[in-house]
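Written out below as structure tokens is the structure these notes cover.
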Amino acid sequence: MTTIRFHTEEKWVDAIPKPEKANKFFPKWFKKIKSHIEDNPSKGTVKRCVPFIDALSLGYIIPMWSDCWIHVDGDQINFEFPEHYPFGESLGSHSYEQIKDYNLSNTAFGKMPFKWMNPWIIETDLGYSCLFTSPLNHLENRFKILDGVVDTESYYNNINFPFIWTEGNGSYFIEKGMPLVQVIPFKRDNYTASVGSIDVLKNTNTIASLNSNIKDGYRKEFSKTWEKKRGEDEELS
């Protein structure tokens, strides 16, 4: 077992929400949705989709460390933190020239890359790095974190999170504790790939095993990451 360590200044440790496993931050819309369409057990919703849930549960979430009020009016955008905000700088920026003509550059603020100034240092064991991305399947549409990988085994420093604001006119509230960034540790390795034709028998056996279940076929037959001991069956039923 490997360990991921989150460090911040001692005076902030108990003042800001702590990073936790991603399965503690399932989005509200996901919690509200029913597990099945009508009463038919064969017609499950995304709440029964193990690949979707495993993505939601992967790694850790860094929550937003304070409230932030954003007001957008035409070509003006203002980020406002609490009046007596104690944590220093929480918003930075990058030059558009660093990502010139990328796919979101035609949005209202596509030429104004911002960055959240993360108060946490992330450290992993030897041989492990971390992927930093928007929380998977949360479907946040106000801003997009620019994905990055950092060798956290050696880079003992704050890792800030560049993002593009994608919403238009209006006022928006980002609440303290909101899932901000998903941190996915992984072991670095070398990979090889091959290309070939389908193993028809193997594929046929897979489909037969899947289709012998009225519901939850993938979970029962193939999932190696589903943790029934977490009580997710009850929570997601």
Side-chain angles (χ1 to χ4, degrees), residues 4 6 16-38 41 43-72 77 79 81-82 90-91 103-104 107 109 114-120 122 130-149 159-168 170-186 215-216 218-219 223-237:
I4 181 169
F6 296 91
I16 59 177
K18 296 176 175 61
E20 293 189 72
K21 287 186 175 181
N23 61 18
K24 303 294 185 183
F25 293 89
F26 285 170
K28 292 179 181 178
W29 70 263
F30 179 81
K31 290 181 178 180
K32 290 179 180 179
I33 197 172
K34 293 183 178 180
S35 298
H36 297 89
I37 301 172
E38 300 173 346
K43 295 183 177 180
T45 66
V46 71
K47 208 165 192 175
R48 307 305 300 175
C49 178
V50 174
F52 190 95
I53 297 168
D54 280 346
L56 277 175
S57 306
L58 190 61
Y60 296 80
I61 292 289
I62 294 178
M64 187 63 179
W65 40 92
S66 79
D67 290 342
C68 183
W69 178 258
I70 299 96
H71 184 71
V72 179
I77 183 169
F79 293 80
F81 293 91
S90 269
L91 187 75
N103 289 349
L104 289 176
T107 59
F109 299 98
F114 300 102
K115 61 181 174 182
W116 301 113
M117 306 297 286
N118 171 37
W120 296 97
I122 297 94
C130 286
L131 167 66
F132 297 87
T133 188
S134 297
L136 300 177
N137 290 331
H138 283 245
L139 308 180
E140 171 65 59
N141 60 8
R142 294 170 296 180
F143 59 91
K144 175 65 181 79
I145 298 288
L146 301 186
D147 312 315
V149 170
I159 298 166
N160 299 317
F161 308 127
F163 69 95
I164 304 299
W165 185 263
T166 53
E167 275 285 14
S171 295
Y172 307 91
F173 184 60
I174 296 177
E175 187 176 8
K176 176 182 177 180
M178 185 203 84
L180 185 69
V181 173
Q182 193 157 356
V183 184
I184 303 172
F186 64 94
K215 66 174 185 176
D216 301 333
Y218 174 81
R219 181 193 303 186
S223 176
K224 304 299 182 185
T225 58
W226 187 257
E227 299 174 358
K228 293 182 179 178
K229 64 182 180 180
R230 293 190 315 210
E232 296 282 357
D233 283 326
E234 289 73 20
E235 180 181 345
L236 299 177
S237 61

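None of these values were measured; they are calculated from a predicted model.
Residues Leu139 and Trp29 form a side-chain contact, since some pair of their non-hydrogen atoms from C-beta on lies under 4.5 Å apart. Counting only heavy atoms from C-beta outward, the side chains of Ile122 and Tyr60 never approach each other to under 4.5 Å. Counting heavy atoms from C-beta outward, Ile4 and Val183 have side chains that approach closer than 4.5 Å. Contact check for Glu167 versus Ile70: no side-chain heavy atoms found under the 4.5 Å cut-off. Here the side chains of Lys21 and Ser57 are not in contact, with every heavy-atom distance at 4.5 Å or above. With a 4.5 Å cut-off on side-chain heavy atoms, Trp69 and Phe79 do not count as touching.
Look at Glu140 and Arg142 and you find a salt bridge, because one of the NZ, NE, NH1 or NH2 atoms lies within 4.0 Å of a carboxylate O, short of that distance.
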Exercise for the section: Tell me, with the steps shown, if Tyr172 and Trp165 meet ring-ring contact (aromatic ring centres under 6.0 Å, His included). Expected result: CA-CA 11 Å; Tyr172 307 91; Trp165 185 263; 5.4 Å; yes

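Nearest heavy-atom pair across Ile33 and Lys47 is O-NZ, 3.0 Å. Contact detail for Phe52 and Asn137: the closest heavy-atom pair is O-ND2, 3.1 Å. Heavy-atom minimum distance, Cys130 versus Pro185: SG-CA, 3.9 Å. Of all the heavy atoms in Lys176 and Pro17, the pair that sits closest is CE-CD, 3.6 Å.
The number of heavy-atom neighbours closer than 6.0 Å to NZ of Lys24, taken from other residues, nucleotides and ligands shown, is 12 or below.
Atom CE of Met64 is separated from atom OG of Ser90 by 6.0 Å, given to the nearest 0.5 angstrom.
When each of Leu91, Leu146, Leu180, Val181 is checked for a side-chain contact (heavy atoms from CB on, under 4.5 Å) with Phe163, only Leu91 meets the rule.
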